[in-house]
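Computed from heavy atoms alone, side chains included, the values below leave out hydrogens, waters and symmetry copies. Quick note on labels: first sequence line is chain A, next is B, and so on, each numbered from 1.
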There are 2 protein chains.
Amino acid sequence: MGSGEVKRVSLAVIRRLPKYHKCLGELLQKNVERVSSQELGRILGFTASQVRQDLNNFGEFGQQGYGYNVEQLYNEIAKILGLNTEHKMVIVGAGKLGQALAGYRDFERHGFKILAMFDVDPHLVGSKVRDVPVYDMNDLIYYVNENEVDIAVIAVPRERAQEVADILSKTLVKGIWNFAPVEVDAGPNIIVENVHLLDSLLTLSYRMNESKLMERLARKNEKKTGFVKIPAE
Amino acid sequence: MGSGEVKRVSLAVIRRLPKYHKCLGELLQKNVERVSSQELGRILGFTASQVRQDLNNFGEFGQQGYGYNVEQLYNEIAKILGLNTEHKMVIVGAGKLGQALAGYRDFERHGFKILAMFDVDPHLVGSKVRDVPVYDMNDLIYYVNENEVDIAVIAVPRERAQEVADILSKTLVKGIWNFAPVEVDAGPNIIVENVHLLDSLLTLSYRMNESKLMERLARKNEKKTGFVKIPAE
DNA sequence: TAGATTGTTAATCGATTAACAATC
DNA sequence: TAGATTGTTAATCGATTAACAATC
């Protein structure tokens, strides 16, 4: 590995970053000044080792014998997550889901500003949700480019999702947050994050079913291998 | 490992199950009769090896020289996911998000039947969304037990989420699908699946920011280690 | 039968945990 | 200083991939 090269950060680490961020935000609220990897790990259910390894992917934020300064670490992680600059968002699809997202205060609090929504339904176009205006879908490209929108949320039905992605791929958006239950393709320059709600529900269902399933499997194995199975080693 | 014992299935495998299920459903639609691990892997972006390893956690569903029968494998995975029995759901919180979920047809198609919604707001109580009635929050415990509800969806604001979980922990529900941005605790007998939308958005933001971040890191490393760094080994 | 493809064991890879010298 | 806790290297664990005998 040559000078200055950096090993790629694994997805597992990335998915833990928002947890650190949230936890540190809460500690900050409570005016906690410093925190050790041990304590941070205890709160989040990680080992101290993992906490230190995770953070050291991005820099040396701690101090021996002291730990980490909560405020400083919070700000560093915010920077890593790209929260130091404001993000401009639009929501494509002003149905119930789009409206729900438009009303979600948490996003704005983290610097994600929802500028507008877009829909094909003439009954919705011209209305407002909270204070977010709903515009005609035909104006999407123009609006996005004109207002330097960063992120587009896809909240349209499955059938329309890829069309929307195609439109967006002609714009300057850098990210798509996709709620439609299909993988959309928007070319190599746009990052797509999928929220597949059905997958999440099916995972819940699996876990509710797991103990029964394992019993059945165990019985089947018994039958197959005879009453006593000698372990492989 | 004694007779009939079964090694625990890893979360990574579990999270892939819905992908297999979806893919097989689509193949079934197209009247594809058989599929090899190779082909299935190609579609989903997994290796053939991984496909076979994943499936063999649950049984031997294939046939040498043939592959897997699409319909049979689809049904087996449905069983593994607990989709062979219908699930009764209620949605707690009839705001925009609750309404959006109530209108989502995909759930019903997979055997998740939404029976009712619950809210504290007297303006909402008594109304209907699609054909799902909204009842008073006070009737939640009674309704859930009376109608043998399996799964409760938490779609209330952050501040109310734990209260709702406490109520649900006194009922016979087996699973909670939590959309509030807090970890809720509902005791050891109820499985909780969290959908933390903000985490997902922050992950998108990280990835949009990653190349810039890595450049900065690389420069910092250069400075720290001098112009040429000799690799460790 | 010959070819294809499984189920499964072994090898590899990567992520997590443990250990410890460095140092505040 | 002595105690605490980091950053980092080494050891362990688990998940993915490769290989191949079994067999349809």
Distance in Å, B:Met208 CE paired with A:Leu81 CG, rounded so as to fall on 0.5 Å steps:
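One gets 12.5 Å once the value is rounded to the nearest 0.5 Å.
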First locate atom CG of B:Leu40, then atom CG of B:Asp54, and finally report the distance between them rounded to the nearest 0.5 Å.
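Rounded to the nearest 0.5 Å, the CG-CG separation comes out at 10.0 Å.
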Take atom [atom1] of [X] and atom [atom2] of [N], then tell me their distance rounded to the nearest Å.
X	N	atom1	atom2	answer
B:Asn57	C:dG7	CG	P	12 Å
B:Glu39	C:dT6	CD	C1'	16 Å
A:Gln38	D:dT6	CD	P	9 Å
A:Leu11	C:dC13	CG	P	21 Å
A:Arg15	C:dA15	CZ	P	14 Å
B:Asn56	D:dT16	CG	P	15 Å
B:Leu55	D:dT16	CG	P	13 Å
A:Leu73	D:dT5	CG	C1'	14 Å

Does the pair A:His21 and A:His110 meet the rule for a ring pair (Phe, Tyr, Trp, His ring centres under 6.0 Å), with working shown?
CA-CA 11 Å; A:His21 184 257; A:His110 290 83; 5.7 Å; yes
Partner lookup for D:dT12, please. Criteria are Watson-Crick or G-U wobble with both distances under 3.5 angstrom; report none if nothing qualifies.
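WC or wobble partner is C:dA15.
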G-U wobble or Watson-Crick pairing nucleotide for C:dA22 (cut-off 3.5 Å, both distances):
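Answer to the pairing question: D:dT5, which forms a Watson-Crick or G-U pair with C:dA22.
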Along nucleotides 17-24 of chain D, 5' to 3', which nucleotides get a B, which get an S, and which get a -, given that the test is a protein heavy-atom distance under 4.0 Å?
BBBB-BBB
Select base, sugar-phosphate, or nothing to describe what B:Arg16 touches, counting heavy atoms under 4.0 Å on all strands.
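Sugar-phosphate, backbone atoms only, no base.
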Given the side-chain rings of A:Phe112 and A:Trp177, with only the six-membered ring counted for Trp, is the space between their centroids under 6.0 Å?
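A:Phe112 vs A:Trp177: aromatic centres not under 6.0 Å.
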Verify the ring-centre separation between B:Phe46 and B:Tyr20: is it less than 6.0 angstrom?
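For B:Tyr20 and B:Phe46, the ring centres are under 6.0 Å apart.
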Just so I know, are the side chains of B:Lys113 and B:Leu115 near enough to count as touching, which here means a heavy-atom distance under 4.5 Å?
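Sidechains of B:Leu115 and B:Lys113: in contact.
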Check this one for me: any side-chain N or O of B:Ser37 less than 4.0 Å away from OP1 or OP2 of C:dT5?
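The answer is no; no side-chain N or O of B:Ser37 sits under 4.0 Å from OP1 or OP2.
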N or O in side chain of A:Tyr68 less than 4.0 angstrom from D:dG7 OP1/OP2:
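Yes.
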I'd like to know if A:Lys88 and A:Asp150 make a salt bridge, using a cut-off of under 4.0 Å between side-chain N and carboxylate O.
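Salt bridge: no.
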